[in-house]
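Here is the structure we will look at.
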Amino acid sequence: MPTITLPDGSKKSFDKPVSGKDVALSIGPGLAKAALGVKINGELKDLSTVIDHDVSLSIVTERDRQKVLDKDGLFLIRHSAAHVMAEAIQDVIGKDVQLAYGPPTDTGFFYDMYVPEGKKISSDHFEAINKRMAEIIKENREFTRYELPVGVAESMQAHKEDGMRKLFLEKNKYKIDNAMRALAAMAEKNPAAADRIAYKYQDPDGSYGEADYKTVQGAKLTFYANGAPGKNWEDLCRGPHVPSTGRIGAAIVTSLASSYWHGDENSDRLIRVYGTAFPTQAELDEYLKQKEEASKRDHRVIGKHLRLFHIDEDVGQGLILWTPRGSVVRKELQTFIAAELKKQGYTEVFTPHIGRLELYKTSGHFPYYKDSQFAPIVERQALAELSASGCTCAEMMNRVEGVSERLAKGINERTKAQTIAPDRIMADDKLVEGFMLKPMNCPHHAKIFGSSPHSYRDMPVRLAEFGTVYRWEQSGELNGLTRVRGFTQDDAHLFCTEEQIPAEIQGCLSLVKTIFNVLGMKDYRVRVGLRDPDSSKYTGSAESWDKAEAACLAAAESLGVAFSKEPGEAAFYGPKIDFVVKDVIGREWQLGTVQVDYQMGNRFDLSYIGPDNKAHRPVVIHRAPFGSMERFCGVLIEHFAGAFPTWLSPEQVRVLPISDKTLDYGRKVLSALQAVGVRATLDESNERIQAKVKVAADEKIPYMLIVGPRDAENNAVSVRVRGVEKDLGAMPLDAFVKAIAGEIETKSAVLSVKP
RNA sequence: GCCGCUGUAGCUCAGCCCGGUAGAGCAGCGCUUUUGUAAAGCGCGGGUCGCAGGUUCAACUCCUGUCAGCGGCUCCA
């Protein structure tokens, strides 16, 4: 006798078990027709799921009442499309392609598969695969779910109706592994009912299967057929799926990539086939158009086209050379951020790009993170002596990484733990001195803080630096401006008392808010990284952590944007807040972080004198809310598609004389603009005005001032604004100069100067 | 770091499969044109085909290695 509670709170009672489809029908035939699945107590299920007890339920359809695509609906469609694609691929490439894992993603789905030796799948096959997918969708075959028990017999030969037996017969080790994991997970969840199952299986052509694993009594495996079981293609799958292939709408395969089984590079290499699906062809087309749009915004392409930056092989991978135009963007942004920091009471510092190894041994960066740092720089003299003494490379690395007795003792005492392991301690005459390119600015800032005594009255001390750091990112990770090996952080360290943490975090967030607002990045969210309650890797007291986490959460909440709690994502030394922005076409970018650190004070023996006249440890807040200038500029290039607001544009105005005859007047206009600091140029080329306009438009110059004899006579300029494909008319030169200076001054996001 | 693909003029790309030492458009330079809002016309210059080996009478082309870029995987204090 199930009673079903619908999302609007209304209840429906039935006198016998009903399927999701029955419930939809009872609400209305239109809904039943549109239904793709159901959500039962928040869990997505097949529409055919039979309900025999009281639940809350919602019907999942393609889109909501506002005609917006529904997330759950898309999930069902794409998960189902992954099955259709897998069938199509096996039809096109061969039945011996072994499927591993095929989930939906944010933008589509993929299916990892093993393509046997000698066979190949390439983009040349896409057309055939797409065609086959379209056929399967058109056939509108029902997705049929069925379950098979496992462990019904010792010998798999004995019972046909055994899920594991079926998989063993298919000889697909990936699916067998998937099933084993699913079964083991059941045992984990319900240890009381856990049961051990052993199979022995004699294949007609020799022995094959043998399995011994844990699961629960009565465990079942779920399969889905693209049609009728035994007749059509089927797959081990947890589901859920749409009712039939026809409900997928439109699906295509989009790209190929390689992946590893379980993401482990020592494991089998698989081919990951990406695809996407939408309820209608029009939506799929729209998506493809958007993707094309996104690739047009690629900051690497725009950066080259607009000559913003250059990466040179001879300088090195991941090292950015900022050209004059790009430097303008970066500098304007930096000046803006610096001004906001000043308003918040930050003080600016400068520190060198390298520091002694001992500094990083103290901070803990070396050798702990040595794999992501540039190699240490060892002094020439020391190197020569080592080499002369026949020191091996391995021995040298040990001696470079070693720590003196004195340093180890201090750190271990202050951190009240064996932070420096005894095997790293080495006699002073064995240690090899050296330097390191700094991977972080904090050790230098800690030394500045420690260089003078501090009273609680001076706290917090806010040290800011646009500090350049170097990290050895893996070569495969490097990408344009967004992943580089040398970058400048908008870094600052806030040395504060424990009570000051909430206000300081609040300050960081309000800064971010201001800057995102000015840049028109209205859509962003924060992730609050909290400690994993089950882990012991964290330093600092539980009470401190509770307070700091509460401060982070309160600050995030006050920001007025979406935020999520991410347990286990905290750094070992304190909780953190990450910023994720969405650009104008909806892509998300991770920028910077704010992190609370209880450890650094101990490491560097920092202190301030409290009202009790005793020394106290300061807490340090690391904050680089925009990540790095490189990454942030990269994101902005894509956000604006190279069409920067006037205040950020490398070239704000271009003066275009109709012909040489008005060149002189053009020069006058140019000086008038430059006199008030506007970045303007004059196009002196011997081209027709059409060509000059085209070139300036391609270069995304915000304002074009066309000047001919008519304008010269009236001391006017004819204005053309980026994005408007026509002449807006003439206005007095003085008025234009005044207006654009105002637009730049206010950092307006829109181009508002017009006659 | 791993796997796959790519590397030809400043830029975008053709030529490579099937070896006979390179081609287009744009950009640049010169001349003509003096132009009113998204590319005027003509002419000229420019490349040891990423780099290093190998095969061959002969290599941009085939093979090996290497470097770099792209797509993904893994990673990101």
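When reading the values below, keep in mind they use all heavy atoms of this one structure, side chains included, and skip hydrogens, waters and symmetry mates. Here is the naming used below: chain letters follow the sequence lines, and residue numbers restart at 1 for every chain.
- Between B:G43 and B:U66, the distance separating the two C1' atoms is 43 Å to the nearest Å.
- Spacing between B:A14 and B:C67 at atom C1', rounded to whole Å, works out to 25 Å.
- With the nearest nucleotide of RNA chain B identified for both A:Q317 and A:A571, A:Q317 has the one nearer the 5' end.
- You'll find the ring centres of A:Y703 and A:F736 inside the 6.0 Å limit.
- For the C1' atom pair drawn from B:C70 and B:C57, the interatomic distance equals 39 Å after rounding to whole Å.
- Contact check for A:H353 versus A:Y470: side-chain heavy atoms found under the 4.5 Å cut-off.
- Taking atom C1' on both nucleotides, B:G50 is separated from B:A39 by 33 Å, rounded to a whole Å.
- Comparing B:C16 with B:G7, their P atoms are spaced 13 Å from each other, to the whole Å.
- One can find a donor-acceptor pair under 3.5 Å joining the base of B:G36 and the side-chain atoms of A:D711.
- Nucleotides B:G19 and B:U56 are separated by 16 Å at their P atoms, to the nearest Å.
- Within the 4.5 Å cutoff, side-chain heavy atoms of A:R527 are placed close to those of A:Q590.
- Between the P atoms of B:G15 and B:G46, the separation comes to 25 Å (whole Å).
- Among the heavy atoms of the strands lying under 4.0 Å from A:Q373 is at least one base atom, whether or not backbone atoms are also near.
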Going 5' to 3' through nucleotides 6-14 of chain B and flagging B where a protein heavy-atom sits under 4.0 Å of the base, S where only the sugar-phosphate is that close, and - otherwise, we get -----SS--

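- Side-chain to base pairing of A:Q690 with B:U35: no donor and acceptor N or O lie closer than 3.5 Å to each other.
- Applying the 4.0 Å criterion to OP1 and OP2 of B:A40, one finds that A:R688 has a side-chain N or O inside that range.
- Contact annotation: side chain of A:R471 to base of B:C75, donor-acceptor pair absent below 3.5 Å.
- Within 3.5 Å, a donor on the side chain of A:E477 pairs with an acceptor on the base of B:C73, or the reverse.
- Ring pair A:F110/A:Y274: centre-to-centre distance below 6.0 Å.
- One P atom belongs to B:C18, the other to B:U64, and the distance between them is 15 Å to the nearest Å.
- For the OP1/OP2 pair of B:C3 and a distance below 4.0 Å, the side-chain nitrogens and oxygens of A:Y114 include no atom meeting the criterion.
- Taking 4.0 angstrom as the limit, A:R300 places a side-chain polar atom (N or O) nearer than this to OP1 or OP2 of B:G71.
- Under the 4.5 Å side-chain criterion, counting only non-hydrogen atoms from C-beta, A:N479 is in contact with A:H299.
- Contacts between residues 439-449 of chain A and RNA chain B, counted as heavy-atom distances below 4.0 Å, involve A:P439, A:M440.
- Considering A:H445, A:H444, A:K447, A:K438 in turn, A:K438 is the only one that fulfils the side-chain hydrogen bond (donor to acceptor under 3.5 Å, both in side chains) rule with A:T351.
- Taking 3.5 Å as the limit, the base of B:U32 and the side chain of A:N686 contain a donor-acceptor pair of atoms between them.
- Taking 4.0 angstrom as the limit, A:S475 places a side-chain polar atom (N or O) nearer than this to OP1 or OP2 of B:G1.
- Within the 4.5 Å cutoff, the side chain of A:D490 has heavy atoms near those of the A:P625 side chain.
- A heavy atom closer than 4.0 Å to some atom of RNA chain B occurs in A:S718, A:R720, A:E725, these being the qualifying members of residues 712-725 of chain A.
- Crowding of A:Y287 atom OH: a count of heavy atoms from other residues, nucleotides or ligands under 6.0 Å exceeding 12.
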